[in-house]
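What follows is a set of notes on a single structure, which appears directly below.
Residue numbers begin at 1 in each chain, while the letters A, B, ... track the order of the sequences.
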Number of protein chains: 2
Amino acid sequence: MQNSDAMALSAALLAAAGDLVQRIHDGVTARGFTDLRPAHGFAFARLAPDGATVTDLAVHLGVTKQAASQLVDEIVRKGYAERRPHPEDARARLIVLTGRGRACTRAAEEAAAEVVGGWAELLGEGEVRALRERLARIAPYGPIRPAW
Amino acid sequence: MQNSDAMALSAALLAAAGDLVQRIHDGVTARGFTDLRPAHGFAFARLAPDGATVTDLAVHLGVTKQAASQLVDEIVRKGYAERRPHPEDARARLIVLTGRGRACTRAAEEAAAEVVGGWAELLGEGEVRALRERLARIAPYGPIRPAW
DNA sequence: GGAACTTGGTCAAGCTGCTTGACCATATGG
DNA sequence: CCATATGGTCAAGCAGCTTGACCAAGTTCC
């Protein structure tokens, strides 16, 4: 394995990831959610199942809780989420998606499915499935939000 | 192809990319280049072959030329590159890596080779090669610098 | 040749998303 | 219950980027 091969693979991986994020973001925008940035999508992914606290979100995103709190301010102000009292801890607040937030999450899933569907046409479904398995084995605990 | 499958593949791809960047950066730091961030690596990749102008670099990184110029200021100040008069255009300056800059580039290549070598142990060399080919087909013109 | 326009680069000012630091309210454990 | 830990916010500052203005050198066209 030459160093140049490693660099070629690295470049291909980063190009694919960058392209994916860009296309999903474009798809979300095209579906009418024009006031969001890709970073919000990473937050929605954590909030979607059952909501989360600001601190949970901060850990998930790899930022301080102050930064996470600001991001929550923004998506609350834009109507994608709301702060509720936490059912088990009076200090905490549970951040949950609104209907609009869930609709946006579905839009992101549709956009992702479109992109991946395009890959399936290029490579075939089996190859795409194999790609997913191999990537999952490479970085099972990789950061959700990239570090650069 | 379910939407959830597309999301799983997307998450795996982003996790792998984030993990890769983090590990390369750690490897570069461990080799003694402690005053750089991952973004600098993307610039070095463009400068390494024959140098580049500030405008070239800006296009490559997807930022304004003012931002690229600031980044060049920084790597020049830290001794990784220097500005030379452009041999064919008196308006332009050719930014070229210094010896230290080339040494850092080699360190990044070594670090990348280490990470990819780890993948080869997990998946086998053939699988890694297949991964590279498929990723290259997915996003042959993907952005060098991701958009989020 | 020279006027009009384009292109490479920098200077300056401003914004945004993040950080650190301080602080309050509630939980938790001796 | 008192001491400490934890969830959250407010405030100030910083780093990296943007827009806008400008100059020097190249290019086009008469």
Side-chain angles (χ1 to χ4, degrees), chain A residues 18 21-22 25 34-47 50-78 80-96 143-148, chain B residues 18 21-22 25 29 34-44 46-47 50-78 80-96 143-148:
Chain A
V21 169
Q22 185 64 52
H25 183 241
T34 57
D35 55 356
L36 295 175
R37 286 170 296 106
H40 297 117
F42 295 99
F44 283 26
R46 180 70 184 79
L47 296 177
D50 301 298
T53 66
V54 165
T55 300
D56 287 341
L57 200 53
V59 171
H60 175 80
L61 296 176
V63 299
T64 61
K65 54 186 183 175
Q66 291 92 326
S69 186
Q70 281 185 357
L71 193 142
V72 168
D73 284 343
E74 186 182 351
I75 63 178
V76 165
R77 181 165 40 81
K78 291 178 176 170
Y80 292 100
E82 56 187 17
R83 292 182 216 250
R84 294 188 184 166
H86 195 287
E88 296 163 7
D89 188 335
R91 296 171 302 178
R93 303 192 189 188
L94 193 62
I95 318 298
V96 294
I144 300 305
R145 168 117 187 243
W148 72 109
Chain B
V21 169
Q22 185 62 52
H25 183 241
T29 299
T34 57
D35 55 356
L36 294 175
R37 287 171 296 105
H40 297 118
F42 295 98
F44 283 27
R46 180 70 183 79
L47 297 177
D50 302 298
T53 65
V54 165
T55 298
D56 287 341
L57 200 53
V59 171
H60 175 81
L61 296 177
V63 298
T64 61
K65 54 186 183 176
Q66 291 91 326
S69 186
Q70 281 184 357
L71 193 143
V72 169
D73 283 343
E74 185 183 351
I75 63 178
V76 165
R77 180 165 40 81
K78 291 178 176 170
Y80 292 100
E82 57 187 17
R83 292 182 214 251
R84 294 189 185 165
H86 195 288
E88 296 161 9
D89 189 335
R91 295 171 303 176
R93 302 191 189 189
L94 194 63
I95 317 297
V96 294
I144 301 306
R145 168 118 185 245
W148 73 107

> Can you name the side-chain contact (heavy atoms from CB on, under 4.5 Å) partners of B/Ala52, sequence neighbours left out?
Replying inline: B/Arg46, B/Leu47, B/Asp56

> For A/Val96, what residues pass the side-chain contact (heavy atoms from CB on, under 4.5 Å) criterion, not counting sequence neighbours?
Replying inline: A/Glu82, A/Arg84, A/Leu94

> Can you pull the contact range of chain B along DNA chain C, 5' to 3', using atoms under 4.0 angstrom from its heavy atoms?
Replying inline: C/dT7 to C/dC11

> Mind pulling the stems DNA chain D is in, i.e. runs of at least three Watson-Crick or G-U pairs, everything under 3.5 Å?
Replying inline: C:1-30 with D:1-30

>> OP1 or OP2 of D/dG16 versus the side-chain N and O atoms of B/Arg37: is any pair under 4.0 Å?
In response: yes

>> As an exercise, state the distance from CZ of B/Phe42 to CG of B/Leu57, rounded to the nearest 0.5 Å.
In response: 12.5 Å

> When you measure from every atom of DNA chain C, which of residues 80-93 of chain B have a heavy atom less than 4.0 Å away?
Replying inline: B/Arg83, B/Arg91, B/Ala92, B/Arg93

Atom pairs and distances, donor-acceptor, side-chain atoms in residues 65-75 of chain B, under 3.5 Å, two or more places apart:
residue: B/Asp73; atom: OD1; partner: B/Arg83; partner atom: NH2; Å: 2.1
residue: B/Glu74; atom: OE1; partner: B/His40; partner atom: NE2; Å: 3.3
residue: B/Glu74; atom: OE2; partner: B/His40; partner atom: NE2; Å: 3.4
residue: B/Glu74; atom: OE2; partner: B/Lys78; partner atom: NZ; Å: 2.8

> Residues from residues 58-70 of chain B sitting under 4.0 Å of DNA chain D, heavy atoms only?
Replying inline: B/Val63, B/Thr64, B/Gln66, B/Ala67, B/Gln70

>> Ignoring hydrogens, what is the shortest heavy-atom contact between B/Ala92 and B/Thr53? Give both atom names and the distance.
In response: CB-CG2, 4.2 Å

> Rounded to whole angstrom units, what separation is found between the CG atom of B/Leu94 and the P atom of D/dA25?
Replying inline: 18 Å

> Can you check the B/His40 NE2 to D/dC17 C1' distance for me, whole Å?
Replying inline: 13 Å

